[in-house]
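So the structure is just underneath, and the comments pick up after that.
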Amino acid sequence: MKKSSDKLEFPLKGKYLAMLAPSFVADFSYPAIISQLKDLGFDKVVELTFGAKMINREYHRILKNSKKLIISSVCPGIVETIKSKALEFKENLISVDSPMTATAKICRKIYPTHKIVFISPCNFKKIEAQQSEYVDYTIDYLELKEIFDKLKLTDKKYSKNTSSFDKFYNDSTKIYPLAGGLYKTANLNNILQQDESIIIDGIEDVLKFLNKPKKNIRFLDVTFCKGGCIGGPCTNSKLSLMEKKKKVLDYLKIADKEKIPNTKKGNIKQAEGIKFSSYYPNR
């Protein structure tokens, strides 16, 4: 089990990289949070969107060549629940990394000397990160808010901030924290018929479907929490799911206009040589 946030001393000393889930916009101000994290001592601040882009490519490849039911594995809450309550569907879980793991692998390649700290909206993702060989520390959104408050790194202090992420790729995967974000960004329409996939958010509804699955369904895009990751339990925001969803969509509009040095959209060659899936998953 990896070290948690209580083992970190702020401001940090040495090379640290903050890996931020894109659901952060429901809890924190953008781009202020980037400078807030830099003032905590993080040398690099990235988000999970490039990792999500890479696993989308794997989903597209696998679904294109499979006829059996495939269940998304981006949500560790789904993976753990199926392993404990719907074991007969264990082999249907797609053997592809989560965006967190995929991004951590990329960061390990590009920033090999940095300690990686994952900032998470939920306990399941936090546990996944703590068990990962690619992540050194974890902080959830509740803990991060406490750290900001303790060090008086308030939003108001950074109201005129113009910082940007250390980017690899600028992509529509910024909507990944929304229910159906994977399906909507993985370009699956040309390999799946309209009635061959279903989006389900909320574990009770997921289990209800698995109890009586429809034979025509080839792909389940599922999340443990209602609304997707924006409904995670380690969040501070009191906004409704609709209000949180609007924040994510507004963030996408803003971020879409931002540039990445030396390229317009990014360069997937930075992920060359990294394996994001396996035909023999350790489930």
Side-chain angles (χ1 to χ4, degrees), residues 1-8 12 14-24 37 40 42-59 71-84 90 93-144 165-166 168-169 173 176-177 181-182 222-225 228-229 232-235 270-283:
M1 188 73 73
K2 297 295 184 295
K3 298 175 183 178
S4 58
S5 60
D6 60 356
K7 301 298 181 181
L8 291 169
L12 298 167
K15 291 185 176 182
Y16 283 82
L17 179 149
M19 206 168 63
L20 193 59
S23 56
F24 78 87
L37 289 169
L40 286 183
F42 286 101
D43 178 53
K44 301 292 181 181
V45 182
V46 306
E47 57 180 339
L48 304 189
T49 49
F50 186 34
K53 172 72 174 180
M54 292 298 99
I55 70 166
N56 274 358
R57 291 160 62 91
E58 294 298 317
Y59 273 72
I71 302 174
S72 65
S73 62
V74 295
C75 172
I78 290 292
V79 173
E80 292 306 313
T81 301
I82 287 179
K83 286 165 61 176
S84 62
K90 178 182 175 182
L93 285 165
I94 194 168
S95 180
V96 176
D97 290 337
S98 68
M100 183 214 71
T101 299
T103 304
K105 287 180 176 180
I106 295 167
C107 290
R108 280 284 183 225
K109 176 185 176 183
I110 298 175
Y111 304 114
T113 62
H114 283 66
K115 293 288 187 181
I116 295 177
V117 182
F118 176 58
I119 302 174
S120 169
C122 84
N123 290 321
F124 280 115
K125 287 183 181 296
K126 191 172 181 181
I127 292 170
E128 179 193 11
Q130 289 172 333
Q131 294 174 338
S132 171
E133 64 180 288
Y134 301 100
V135 178
D136 298 293
Y137 298 91
T138 63
I139 303 174
D140 63 44
Y141 291 177
L142 295 172
E143 292 170 329
L144 185 61
F165 283 107
D166 295 286
F168 309 124
Y169 206 95
T173 48
Y176 241 68
L182 187 163
V222 286
T223 52
F224 187 93
C225 296
C229 295
C234 295
T235 57
Q270 294 177 95
E272 281 186 351
I274 301 175
K275 192 174 184 179
F276 299 109
S277 66
S278 170
Y279 287 108
Y280 302 95
N282 182 23
R283 296 293 187 197

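None of the values given here were measured: they were computed from a predicted structure.
Contact of the Leu8 side chain with the Leu40 side chain is not registered, since no non-hydrogen atoms from C-beta on lie closer than 4.5 Å. Counting heavy atoms from C-beta outward, Phe168 and Ile110 have side chains that approach closer than 4.5 Å. In this structure, Val46 and Cys107 have side chains that are in contact, with non-hydrogen atoms separated by less than 4.5 Å. In this structure the side chain of Thr223 never reaches within 4.5 angstrom of the side chain of Cys229, judged on heavy atoms. Looking at heavy atoms from C-beta onward, Lys125 lies out of side-chain contact with Cys234 at the 4.5 angstrom threshold. The side-chain heavy atoms of Ser23 and Tyr141, taken from C-beta on, include a pair separated by under 4.5 Å. Side-chain contact between Asp97 and Tyr134: absent, with no pair of heavy atoms (C-beta onward) separated by less than 4.5 Å. Between Asn56 and Tyr176, the closest side-chain pair of non-hydrogen atoms falls below 4.5 Å.
The CD1 atom of Ile139 sits 6.0 Å away from the CG atom of Leu144 when rounded to the nearest 0.5 Å. To the nearest 0.5 angstrom, Leu20 atom CG is 8.5 Å from Phe118 atom CZ. Residue Glu128 holds its CD atom at 11.5 Å from OG1 of Thr138, rounded to the nearest 0.5 Å. For the atom pair CG (Leu12) and CG (Leu17), the distance works out to 11.5 Å, reported to the nearest 0.5 Å. Here Asp166 contributes atom CG and Tyr111 contributes atom OH; the two are 4.5 Å apart, rounded to the nearest 0.5 Å. For the atom pair CD of Glu58 and NZ of Lys275, the computed distance is 9.5 Å after rounding to the nearest 0.5 Å.
Contact detail for Glu272 and Lys109: the closest heavy-atom pair is O-NZ, 2.6 Å. Pro177 and Pro22 get closest at one heavy-atom pair: CD-CG, 3.7 Å. Between Gly232 and Cys122, the shortest heavy-atom distance links the atoms CA-CB, 4.3 Å. Between Arg108 and Glu133 the shortest heavy-atom distance is NH2-O, 4.2 Å. Of all non-hydrogen atoms in Ala271 and Phe50, the two that sit nearest each other are CB-CZ, 4.1 Å. When every heavy atom of Leu48 is checked against every heavy atom of Met19, the shortest pair comes out as CD2-CG, 3.5 Å.
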Inset, instruction - Could you go through the side chain to side chain contact (heavy atoms under 4.5 Å, CB included) check for Gln130 and Val135 one step at a time? - result: CA-CA 7 Å; Gln130 289 172 333; Val135 178; over 6 Å; no
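For residues 113-122, the side-chain hydrogen bond (donor to acceptor under 3.5 Å, both in side chains) pairs, not counting sequence neighbours, are Asp43-His114.
At most 12 heavy atoms of other shown residues, nucleotides or ligands fall within 6.0 angstrom of atom CZ in Arg57.
Judged by distance alone, with hydrogens and angles left aside, the side-chain atoms of Ser72 form a donor-acceptor pair with the main-chain N or O of Val222 at under 3.5 Å. No donor-acceptor distance shorter than 3.5 angstrom exists from the side chain of Thr49 to the backbone of Thr173, with no hydrogens or angles considered. Here the side chain of Asp136 pairs a donor or acceptor atom with the backbone of Ile116 at under 3.5 angstrom. Judged purely by atom type and a 3.5 angstrom limit, Ser73 uses its side chain to pair as donor or acceptor with the backbone of Val96. The main-chain N or O of Met100 is never found under 3.5 Å from a side-chain atom of Thr103 such that the two would form a donor-acceptor pair.
Remark: Glu80 engages Lys83, Phe124 in a side chain to side chain contact (heavy atoms under 4.5 Å, CB included) (not counting sequence neighbours).
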